[in-house]
Amino acid sequence: MLITVRFFASYADALGRKDAQLSLGDGASVRDLLKSVSDLPGASALPANPLVAVNQVYAVAATRLNAGDEVALIPPVAGG
Amino acid sequence: MLITVRFFASYADALGRKDAQLSLGDGASVRDLLKSVSDLPGASALPANPLVAVNQVYAVAATRLNAGDEVALIPPVAGG
Amino acid sequence: MRASIVTHALDTDALLREVADARRGATALFVGTVRSVNEGREVTAIEYSAYESMAEREMSAVLAEAEAMNEGVVLVAEHRIGRLEVGEASIAIAAAHEHRGRALDALRYAIDEIKKRAPIWKRELYADGSESWVDPTQVAAR
Amino acid sequence: MRASIVTHALDTDALLREVADARRGATALFVGTVRSVNEGREVTAIEYSAYESMAEREMSAVLAEAEAMNEGVVLVAEHRIGRLEVGEASIAIAAAHEHRGRALDALRYAIDEIKKRAPIWKRELYADGSESWVDPTQVAAR
């Protein structure tokens with residue numbers, strides 16, 4: 001399945017892009033997604049286990065992904 | 001010595017006056033003042049030991065009074 | 001630090017501006033307003049009165065304590081007296097600090113202590129035409 | 001309860017009015033503004049950005065939690081994004097309740113949790129011409 005993952009703030013700067021389309025096996029988890037992200041150019045600047053949101057909710061490494069999910073990598077937040 | 005004591009809010013209502021001049025012996029304390037206040041008409045509506053301020057600071061029963069002191073009885077406060 | 005008894009409507013924006021400073025990133029404000037219901041009775045207005053000079057002195061002492069306990073915080077407080085209608089503000093306190101924790105701590109200390117210590121009284125006027133002095137010590141005892 | 005990401009200047013008076021009600025006698029407000037100095041560096045401006053839809057969702061979740069923990073409290077929060085100059089407000093939260101303790105508790109919970117959880121970022125622009133993303137996890141680790 002194809003999953004679009006969004007990048008923000010320092011991660012978007014590091015990767016030089018705001019999103020990427022990744023091809024993952026059916027039943028893939030957030031862990032699989034992060035492995036795929038780590039192959040992108042510039043990904044060495046990202047931490048080993050960045051926070052991930054799936055459908056606007058914080059997810060864990062084991063969270064399963066489904067086609068159409070809204071996925072985003074979340075840099076350390078600094079609002080307020 | 002003559003001491004002027006001020007009354008506020010419910011105490012002024014109970015006593016029907018905003019102040020009184022009391023004649024106290026030299027070296028009199030807040031305790032002596034309260035005894036003298038208790039002889040005023042309407043004083044039975046006051047609590048046995050009302051709060052007293054001397055020169056705008058909360059005082060205790062043993063606080064000594066001096067001629068010219070600014071003395072006031074302080075009903076239960078309800079600001080805010 | 002400034003504490004005042006006033007007879008005009010409180011201007012919360014002015015208080016926020018008074019404590020604002022480019023080095024203080026956190027500002028907190030408390031506003032107390034006249035409630036339409038107190039202890040189950042319908043209130044139409046409150047008449048606030050004060051031993052004004054002592055009230056300003058005691059409010060200033062409270063703010064000084066809050067500033068001493070929270071280094072770098074700046075506070076300002078105003079209490080309005082006279083007749084206030086439902087919804088009108090009787091007290092406003094603003095606190096500012098570099099960080100939010102100190103501003104919020106100082107604000108809470110200030111409102112708690114001013115309510116306990118400032119010689120200010122209120123007479124509630126009820127919808128049924130009656131009125132009474134509010135005695136928080138009696139409410140707490142119930 | 002309402003939480004919004006906005007691109008215009010925050011209007012704290014409007015937030016206070018939004019939570020006001022004749023039965024709620026205690027209103028508390030928190031305002032965060034851009035500081036001129038952070039971690040010892042002179043700041044000229046901050047660029048805030050957000051994952052806007054999720055930030056509004058997460059801010060709303062925080063306010064709902066604060067309202068659940070403090071029955072009867074009403075909260076509203078706005079976070080501004082874009083370029084903000086020193087002294088401009090980036091976040092404002094208002095809380096109102098019948099009693100002050102609940103309003104202040106809810107306000108503190110809201111600002112603490114929104115800072116921890118809302119996907120919002122800031123890039124500080126310094127007086128020396130440099131700039132950097134702020135990472136509070138790194139500051140805390142020092």
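Nothing here was measured: the structure is a model prediction, and the numbers come from that model. Per chain, numbering begins at 1; letters A, B, ... match sequence-line order.
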Does atom [atom1] of [X] have more than 12 heavy-atom neighbours, drawn from other residues, nucleotides or ligands, at distances under 6.0 Å?
| X | atom1 | result |
| --- | --- | --- |
| Glu42(D) | CD | no |
| Gln21(A) | CD | yes |
| Asp128(D) | CG | yes |

Do Ser53(D) and Glu70(A) make a side-chain contact, defined as non-hydrogen atoms from C-beta onward lying under 4.5 Å apart?
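Sidechains of Glu70(A) and Ser53(D): in contact.
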With a strict 4.5 Å heavy-atom criterion, list every residue of residues 34-46 of chain A that contacts chain D, or say none.
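If one takes a 4.5 Å heavy-atom cut-off, no residue of residues 34-46 of chain A lies near chain D.
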Looking at [atom1] of [X] and [atom2] of [Y], how far apart are the two atoms once the value is rounded to the nearest 0.5 Å?
| X | Y | atom1 | atom2 | result |
| --- | --- | --- | --- | --- |
| Asp13(A) | Ser132(D) | CG | OG | 11.0 Å |
| Tyr11(A) | Trp133(D) | OH | CH2 | 12.0 Å |
| Ile74(A) | Ile120(D) | CD1 | CD1 | 11.0 Å |
| Met54(D) | Arg6(A) | CE | CZ | 11.0 Å |

Compare every heavy atom of Trp121(D) with every heavy atom of Pro75(A), then report the nearest pair and how far apart it is.
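Closest pair (atom of Pro75(A), atom of Trp121(D), distance): O-NE1, 3.0 Å.
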What closest approach, in Å, do Lys116(D) and Val77(A) show between heavy atoms, and which atom pair accounts for it?
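Nearest heavy atoms, Lys116(D) then Val77(A): O-CG2, 3.2 Å.
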Side chain, backbone, both or neither of [X] within contact of chain A (heavy atoms, under 4.5 Å):
| X | value |
| --- | --- |
| Tyr51(D) | both |
| Arg80(D) | neither |
| Ala61(D) | neither |
| Glu58(D) | side chain |

Look at the side chain of His79(D) and the backbone N and O of Gly80(A), then say whether any donor-acceptor pair between them is shorter than 3.5 Å.
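Answer holds: yes.
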Under a 4.5 Å cutoff for heavy-atom pairs, which residue among Ser49(D), Ala118(D), Gly32(D), Ala77(D) has the most contacts with chain A?
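Top option by heavy-atom pairs under 4.5 Å: Ala118(D).
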